[in-house]
Protein chains: 2
Amino acid sequence: MTSVDEPSRPGGRDRDAARTRAEILDVATQEFARAGYDGARVDEIAARTRTTKRMIYYYFGGKEQLFTAVLERAYEAVREAEQQLDVTGLDPVAAVRRLAELIFDQHERHPDFVRLAGIANMRGAEHIAASAQLGRAGSPALDVIRRVLAAGRESGRFRADVDAVDVHALISSFCFFRIANRHTFRALFDRDLADPARRGHYRTLLGDTVIAYLTAERPAD
Amino acid sequence: MTSVDEPSRPGGRDRDAARTRAEILDVATQEFARAGYDGARVDEIAARTRTTKRMIYYYFGGKEQLFTAVLERAYEAVREAEQQLDVTGLDPVAAVRRLAELIFDQHERHPDFVRLAGIANMRGAEHIAASAQLGRAGSPALDVIRRVLAAGRESGRFRADVDAVDVHALISSFCFFRIANRHTFRALFDRDLADPARRGHYRTLLGDTVIAYLTAERPAD
DNA sequence: GTCTATAGATAGATAGAC
DNA sequence: GTCTATCTATCTATAGAC
């Protein structure tokens with residue numbers, strides 16, 4: 001434990017541990033997202049920071065723990081963005097659309113996060129299970145969905161048999177797929193789901209779909 | 001070019017090239033799906049076949065081309081399954097549900113394919129672009145969607161502004177996410193999307209959602 | 001805390017006999 | 001077409017001086 005009150009020394013060498021840690025995490029995020037877990041190179045990460053490979057092992061212990069730290073920070077950023085969401089004053093239908101669009105925009109703006117999530121799943125998400133922090137942090141978005149669904153049911157506009165976690169899965173699946181699978185989809189169907197010219201279209205389509213599901217009569221067949 | 005008419009020699013050594021190729025592809029499919037592209041080991045693939053590593057390079061040229069061959073076969077299997085789909089006699093709503101359930105079941109039954117698709121996307125799907133076969137094979141499912149949408153529009157039950165490729169993306173996204181991202185989703189929301197006990201629920205939810213979207217009035221807000 | 005140098009293991013790919 | 005042996009490169013991780 002060294003002094004916490006020494007952010008940097010003007011003119012001198014930067015010895016701020018927190019800053020170094022953050023820089024490593026920034027670069028590691030890019031490298032893992034670019035090349036996958038096995039494809040990522042600790043040497044490459046070190047080369048692109050102002051520190052050395054030795055320090056990565058010093059701070060994080062190893063590649064595995066470094067990836068866990070990268071994931072934790074990425075999910076923490078998602079939670080922070082979700083906490084900015086304010087749907088007070090909106091009717092349930094508008095609130096659901098607002099929420100869906102926030103999640104949509106998050107995926108659009110952070111393709112690195114999408115790739116990291118894909119990598120984590122490919123490895124069984126043991127990094128998340130191993131992280132005491134991540135599993136218990138909760139989801140601001142899910143809290144919003146719960147409240148909005150309750151309001152929508154009460155007003156009679158929403159189906160009564162809808163589960164909040166399912167709604168989150170429905171929204172996330174489309175947002176994730178659009179970014180993560182755009183390459184195969186484009187190769188197979190000749191359409192770029194992530195084309196900026198179509199962003200508004202898919203943003204609206206997602207909201208329409210979720211609202212249609214929530215407000216539908218139970219299908220006849 | 002050797003003789004094509006020599007499937008195997010009873011009692012003797014198996015020298016059927018097609019059979020050896022197929023065996024390599026089977027094992028390689030499992031290994032790539034298990035460990036990812038970089039994580040997969042050519043040694044490991046060879047060890048689990050009756051042939052040797054040398055033959056893998058002899059038949060396929062290298063790891064990269066082997067993965068391309070694995071992908072091609074996986075997508076070909078998808079196309080074959082889709083060609084079994086028969087929706088004649090069904091009204092458009094029932095036909096859409098049947099189609100969605102077929103795609104759902106495909107993902108459920110072939111998690112390896114889901115993982116391979118994820119790997120291909122992580123690598124920019126260059127394997128598909130590089131494959132003359134895959135890009136131009138077309139999609140039986142998409143053909144069905146086109147026909148069903150036209151019928152649904154004609155009967156006045158479906159929205160007129162719906163695109164067939166978008167419907168395919170909507171269906172696939174949920175099916176893909178449910179399998180591919182089940183680990184992070186479970187860690188974050190404590191729900192296993194791929195739990196067999198919930199399979200019917202999500203199968204129905206998918207059909208409900210797509211039908212709700214297709215039959216919805218244009219949302220008011 | 002930071003650096004250089006290197007250990008130790010293993011990968012993809014190939015040579016060359018048969 | 002099939003085998004054994006091996007090349008060459010490279011990766012994660014660490015030792016040890018300062």
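So you know, we letter chains A, B, ... as the sequences are listed, proteins then strands, and number each from 1. On a predicted model such as this, the values are computed, not experimentally measured, just so you know.
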Indicate, with a heavy-atom threshold strictly under 4.0 Å, whether Ala46(A) touches base, sugar-phosphate, or nothing.
nothing
Give a yes or no on whether a salt bridge exists between Asp166(A) and Arg191(B), defined as a side-chain N under 4.0 angstrom from a carboxylate O.
yes
I need the CG-P distance between Asp38(B) and dC11(D), as an integer number of Å.
11 Å
Looking at dG12(C), I'd like to know if its phosphate oxygens (OP1 or OP2) sit under 4.0 Å from a side-chain N or O belonging to Tyr37(B).
no
Checking Arg123(A) against Tyr37(A): charged group under 6.0 Å from the ring centre and within 45 degrees of the axis?
yes
To the nearest angstrom, the CD-P distance between Glu44(A) and dA13(D) comes to 17 Å
Nearest to the side chain of Thr52(A), which nucleotide is it out of dC3(C), dG12(C), dT12(D)?
dC3(C)
To the nearest Å, give me how far apart CD1 (Ile24(B)) and P (dG1(D)) are.
11 Å
Whether Arg41(A) contacts dT12(D) is assessed here as follows: a side-chain N or O lying under 4.0 Å from the phosphate OP1 or OP2. Is that the case?
yes
Given atom CD of Glu64(A) and atom C1' of dA13(D), what is their separation to the nearest angstrom?
14 Å
From the list dA11(C), dT2(C), dT12(D), which nucleotide is the closest neighbour of the side chain of Lys53(A)?
dT12(D)
Let's see if you can work this out: which of dC3(C), dG1(D), dT14(D) has an atom nearest to the side-chain heavy atoms of Tyr57(A)?
dT14(D)
Of dA13(D), dT4(D), dC3(C), the nucleotide closest to the side chain of Arg54(B) is dT4(D)
Roughly how far, to the nearest 0.5 Å, is OG of Ser173(A) from CD1 of Ile171(B)?
12.0 Å
Side chain of Lys63(B): nearest nucleotide among dC11(D), dG12(C), dG1(C)?
dG12(C)
Candidate list Arg50(A), Arg48(A), Arg73(A), test salt bridge (charged side-chain N to carboxylate O under 4.0 Å, His left out), partner Asp26(A), passing option
Arg73(A)
Closest to side chain of Met55(A), choosing from dC3(D), dT12(D), dT2(C)
dT2(C)
May I have the distance from Tyr58(B) (atom OH) to dG16(C) (atom C1'), rounded to whole angstrom?
15 Å
Round to a whole Å and report the spacing from CZ of Phe32(A) to C1' of dC11(D).
13 Å
Output the rounded distance in Å from CZ (Phe67(B)) to P (dG12(C)).
14 Å
In terms of heavy-atom contacts, does CZ of Arg198(B) have more than 12 from other residues, nucleotides or ligands at under 6.0 Å?
yes
What is the distance from CG of Asp43(A) to P of dT14(D), rounded to the nearest Å?
14 Å
